[in-house]
Amino acid sequence: RKEVEQDPGPFNVPEGATVAFNCTYSNSASQSFFWYRQDCRKEPKLLMSVYSSGNEDGRFTAQLNRASQYISLLIRDSKLSDSATYLCVVTPTSGTYKYIFGTGTRLKVLA
Amino acid sequence: GAGVSQSPRYKVAKRGQDVALRCDPISGHVSLFWYQQALGQGPEFLTYFQNEAQLDKSGLPSDRFFAERPEGSVSTLKIQRTQQEDSAVYLCASSFRPSGGAAVQTQYFGPGTRLLVL
């Protein structure tokens, strides 16, 4: 079993839709959590960190569920420009510099 | 300001050839990381430097892979006797402070070097 698992998609949604992705992790001692966005043939860029209390940044909301070992990303009012791959990142307690990425979930927002 | 830069952006190598990939981190960033991203996969950790010290090389797939950062800024990832399975995008990332412990630093990624081994 992979340490970090994501549904690869693609998720095809119309503009304006709300879409949610989940990411599960296997190490219960994982320390920190992030969502990165990666456009085709580009580098990953930090979208948001995920805090225990949940956090929101505009149309994006991230949640952490430690008991069930998953994090989620909710995108409201999808824009065409949201089309990208969303990578879940987890860091272990023993080496918080070591980003462990999921496979990524592809999102396509359709006009 | 300038972000992380990598060169070359694309590299085609014949099987058995040696290659060297360069990373220029953001100026002043202490920590530097290398990742390998195969097609359709997320990046996988290769190695971590704090200044010139290589503190973790547990992700390097074989002894054909070697990384250095001799002066604590620019880093080079070298792959000897390349194999077809080495074909991937090699990403470099940097962060401002030393990483580890409870302090998690945001990592900023470069555009990557796309390596194709024929």
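So you know, we letter chains A, B, ... as the sequences are listed, proteins then strands, and number each from 1.
- Once rounded to the nearest 0.5 Å, the distance linking CZ of A/Phe101 with CD of B/Glu44 reads 10.5 Å.
- Among A/Pro44, A/Cys88, A/Gly102, the residue making the largest number of heavy-atom pairs under 4.5 Å with chain B is A/Pro44.
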The test is side chain to side chain contact (heavy atoms under 4.5 Å, CB included); show your working for B/Gln6 and A/Glu43 and say whether it passes.
CA-CA 11 Å; B/Gln6 293 186 243; A/Glu43 71 272 25; over 6 Å; no
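- The distance from the NZ atom of A/Lys45 to the OG1 atom of B/Thr106 is 14.5 Å, given to the nearest 0.5 Å.
- Here B/Phe109 contributes atom CZ and A/Tyr99 contributes atom OH; the two are 6.5 Å apart, rounded to the nearest 0.5 Å.
- In this structure, the side chains of B/Gln107 and A/Tyr36 come closer than 4.5 Å at one or more pairs of heavy atoms.
- No chain of hydrophobic side-chain contacts below 4.5 Å, direct or via other Ile, Leu, Val, Met, Phe, Trp or Tyr residues, connects B/Trp34 to B/Leu91.
- Applying the 6.0 Å contact sphere to CD of B/Glu71 captures no more than 12 heavy atoms from other residues, nucleotides or ligands.
- No part of A/Gln6 comes within reach of chain B, as not one of its non-hydrogen atoms sits under 4.5 angstrom from that chain.
- Counting all heavy atoms, side chain and backbone alike, B/Gly40 lies closest to A/Thr103 at O-CG2, 3.2 Å.
- With rounding to the nearest 0.5 Å, the separation of NZ in A/Lys98 from OG1 in B/Thr47 is 9.5 Å.
- If you measure heavy-atom distances from A/Arg106 to chain B, you find no contacts under 4.5 Å at all.
- Cluster annotation: B/Val4 is not connected to B/Leu115 through the hydrophobic network of ILVMFWY side chains, with a link wherever side-chain heavy atoms come within less than 4.5 Å.
- In the displayed structure, B/Phe65 atom CZ is contacted under 6.0 Å by more than 12 heavy atoms of other residues, nucleotides or ligands.
- Using a 4.5 Å cut-off between heavy atoms, B/Gln37 contacts chain A through its side chain alone, with no backbone atom that close.
- Residues B/Phe45 and A/Ile100 form no side-chain contact, since every pair of their non-hydrogen atoms from C-beta on lies 4.5 Å or further apart.
- Within a 6.0 Å radius of OH in A/Tyr51, no more than 12 heavy atoms belonging to other residues, nucleotides or ligands are found.
- Hydrophobic clustering, with ILVMFWY side chains joined whenever heavy atoms are under 4.5 angstrom apart, groups A/Tyr86 together with A/Val19.
- In B/Leu39, the CG atom is not crowded: 12 or fewer heavy atoms of neighbouring residues, nucleotides or ligands sit closer than 6.0 Å.
- Environment of CZ in B/Arg15: sparse, with no more than 12 heavy atoms of neighbouring residues, nucleotides or ligands closer than 6.0 Å.
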